[in-house]
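Hydrogens, waters and symmetry mates play no part in the numbers below; they use all other heavy atoms, side chains included. Residue numbers count from 1 along this sequence.
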Amino acid sequence: MDAARDVAYKRLASICGSKLSVRDLVRNPLHFFSTHEVACMADPSTATKLTVQMNLFGGTVLKLGTERHHAAHLDAIDSLKSMGCFALTELGYGNNAVNMKTTAVYDAKTDEFVIDTPETEAQKYWITNGGIHANYAVIFAQLIIGEEEHGVHAFLARIRDDAMAPCKGVFIEDMGHKLACNGVDNAKLSFRKLRVPRENLLDKYSQVAKVGAFTSSIEKKRARFLAVADQLLSGRICLAAFGLGGAKMAMVISIRYSLSRLQFGPPGEPDVNIMTYLSQQRALLPQLGAV
């Protein structure tokens with residue numbers, strides 16, 4: 001498992017060290033999604049880490065952040081200096097994230113948000129990159145100011161220090177060996193009075209003033225949630241690209257095998273490869289033509 005994780009990280013670093021940028025989500029989406037397709041041909045673990053780093057984590061900073069977030073993090077995300085995870089899913093609220101229990105309470109005295117995991121079911125669960133590699137997280141939590149709850153918002157938080165030890169208030173449990181994709185380091189994350197500066201609210205749609213005044217260009221909580229979780233939509237395109245990559249690789253393997261797998265030929269003649277048979281050609285070549 002350790003070796004698989006090391007290889008997946010090095011492959012990810014190679015991809016992110018090329019011409020791929022999180023900004024390609026906006027300026028060159030074809031390049032962005034085709035990179036996902038090709039990455040999955042090589043290694044699904046690398047592809048999974050790629051889409052979390054560049055789409056879910058990086059894409060959320062790009063689309064929900066403002067200029068100060070972009071200036072501080074986008075180049076670092078491209079180079080993996082800011083390696084991130086997407087802390088949305090909770091143990092008890094995987095398919096009902098709008099009602100998640102993680103809280104972010106604004107403390108006007110210190111100009112910070114205090115993020116807490118109030119119960120076991122509020123643990124962030126199966127968080128990719130969280131096991132060993134991520135030093136940042138986009139944490140989704142219910143924003144609370146005074147007695148008023150404003151719905152789910154996204155907060156950029158440091159979760160590991162320069163020595164890659166968990167920051168104060170962050171608790172990380174590596175989820176260990178899995179049946180597949182062991183190059184992916186999944187984690188359970190929980191928080192106990194994790195303090196995040198007010199400026200780390202990804203505030204494209206909602207802002208909190210120093211005195212605690214809340215404003216938002218989106219009136220309803222449900223609509224705000226759909227806006228802050230928007231990267232899940234492009235994530236579906238990334239998954240579709242993974243499927244295309246896997247299908248194309250299956251086609252390559254099938255054709256190569258058909259050209260090398262020998263079968264008996266006509267009576268008294270040498271064996272021939274199975275691609276010689278019309279039935280095999282009809283099964284594979286139309287699919288090749290469609291690609």
If only atom types and distance count, is the side chain of Gln53 paired as donor or acceptor with the main-chain N or O of Gly84 below 3.5 Å? yes
Answer with yes or no whether the hydrophobic clustering places Val228 together with Val22; edges join I, L, V, M, F, W, Y residues whose side-chain heavy atoms lie under 4.5 Å apart. yes
Does this structure show an ion pair linking Arg198 with Asp111, if we count only N-O contacts that are shorter than 4.0 Å? yes
CD1-NE2 distance between Ile15 and His36, expressed to the nearest 0.5 angstrom: 9.0 Å
Are any side-chain N or O atoms of Arg160 and backbone N or O atoms of Ala134, one a donor and one an acceptor, separated by less than 3.5 Å? yes
Evaluate side chain to side chain contact (heavy atoms under 4.5 Å, CB included) for His153 paired with Phe225, printing each intermediate quantity in order. CA-CA 7 Å; His153 286 72; Phe225 171 76; over 6 Å; no
Where the side chain of Glu90 meets the backbone of Thr102, is there a donor-acceptor pair that is under 3.5 Å apart? yes
Expected output: side-chain Ser260 to main-chain Arg256 donor-acceptor under 3.5 Å: yes
Please say whether more than 12 non-hydrogen atoms of neighbouring residues, nucleotides or ligands are located less than 6.0 Å from NZ in Lys81. no
Find the distance between CD1 (Ile274) and OG (Ser254) and round it off to the nearest 0.5 Å. 9.0 Å
Strictly by modelled atom types, are Gln280 and Ser258 linked by a side-chain donor-acceptor pair under 3.5 Å? yes
Got a salt bridge between Arg224 and Glu219, using NZ or NE/NH1/NH2 to carboxylate O under 4.0 Å? no
Please evaluate residues Phe32 and Met54 with respect to the criterion side chain to side chain contact (heavy atoms under 4.5 Å, CB included), reporting the C-alpha separation (whole Å), side-chain torsions for both, the decisive distance (0.1 Å), and the verdict. CA-CA 9 Å; Phe32 188 87; Met54 303 301 280; 3.9 Å; yes
Show your reasoning for whether salt bridge (Lys or Arg N to Asp or Glu O under 4.0 Å) applies to Asp203 and Arg68. CA-CA 11 Å; Asp203 59 351; Arg68 67 174 181 276; 2.8 Å; yes
If hydrophobic clusters are built by linking Ile, Leu, Val, Met, Phe, Trp and Tyr wherever their side-chain heavy atoms come under 4.5 Å apart, do Ile77 and Ile132 end up in the same one? no
Side chains of Gln207 and Thr215, donor plus acceptor under 3.5 Å: yes
Pair Asp43 + Lys49, salt bridge at N-O below 4.0 Å: no
Using atom types as modelled and distance alone, determine if a side-chain donor or acceptor of Lys63 lies under 3.5 Å from a backbone N or O of Lys204. no
Looking only at heavy atoms, the pair that brings Cys85 and Leu189 closest together is SG-CD1, 4.1 Å
Does a sphere of radius 6.0 Å around CG in Asp162 hold more than 12 heavy atoms from other residues, nucleotides or ligands, not counting ones at 6.0 Å or beyond? no
Kindly say whether Leu284 contributes a backbone atom to a donor-acceptor pair with the side chain of Gln287 at under 3.5 angstrom? no
Would you check if the distance from the ring center of Tyr106 to the ring center of Phe113 is below 6.0 Å? yes
If you apply the rule side chain to side chain contact (heavy atoms under 4.5 Å, CB included), what do you find for Ile139 with Leu156, and how did you get there? CA-CA 6 Å; Ile139 302 173; Leu156 183 61; over 6 Å; no
Hey, does the side chain of Asp6 reach the backbone of Asp2 with a donor-acceptor pair shorter than 3.5 angstrom? no
Phe57 versus Ser82, closest heavy-atom pair with distance: CE2-O, 3.9 Å
Does a side-chain heavy-atom distance below 4.5 Å link Thr35 with Leu50? yes
Atom pair CD1 (Ile237) and CG (Leu244), whose distance is rounded to the nearest 0.5 Å: 11.5 Å
Please determine if Arg23 and Asp78 form a salt bridge, counting it only when a charged side-chain N lies under 4.0 Å from a carboxylate O. yes
How close do Asp174 and Gly131 get, counting heavy atoms only, and between which atoms? OD2-O, 4.1 Å
Okay, side chain of Lys10, backbone of Ala13: is any donor-acceptor separation there less than 3.5 Å? no
Hydrophobic cluster identity match, Val114 and Leu194, side-chain contacts under 4.5 Å: no
Is any side-chain heavy atom of Met275 closer than 4.5 Å to one of Gln281? yes
Treating Ile, Leu, Val, Met, Phe, Trp and Tyr as nodes and any side-chain heavy-atom pair under 4.5 angstrom as an edge, say whether Phe191 and Val152 lie in one connected cluster. no
Taking Asp116 for the side chain and Lys193 for the main chain, is one N or O donor matched with an acceptor at less than 3.5 Å? yes
Looking at Arg195 and Glu112, is any side-chain nitrogen of the basic one under 4.0 Å from a carboxylate oxygen of the acidic one? yes
List the steps, then state whether side chain to side chain contact (heavy atoms under 4.5 Å, CB included) holds for Phe140 with Lys124. CA-CA 9 Å; Phe140 292 84; Lys124 302 297 184 179; 4.3 Å; yes
Would you say the side-chain atoms of Gln142 pair up with the backbone N or O of Met100, donor to acceptor, closer than 3.5 Å? yes
Hey, mind stepping through Asp24 and Lys19 against salt bridge (Lys or Arg N to Asp or Glu O under 4.0 Å) and telling me if it holds? CA-CA 10 Å; Asp24 288 337; Lys19 294 182 179 180; over 6 Å; no
Classify the side-chain pair Ser234/Asn55 by whether it contains a donor and acceptor separated by less than 3.5 Å. yes
Might you point out which heavy atoms bring Gln123 and Ser190 nearest each other, and give the distance in Å? CG-CB, 4.4 Å
Return yes when atom CZ of Arg282 has more than 12 non-hydrogen atoms of other residues, nucleotides or ligands closer than 6.0 Å, and no otherwise. no
Check: Asn129 and Phe86 side chains under 4.5 Å, non-hydrogen atoms: no
Applying the 4.5 Å side-chain criterion to the ILVMFWY set and letting contacts propagate, would Tyr257 and Met41 be lumped into a single cluster? no
Check: Leu80 and His133 side chains under 4.5 Å, non-hydrogen atoms: no
Contact check, side chains of Thr117 and Phe171, non-hydrogen atoms, under 4.5 Å: no
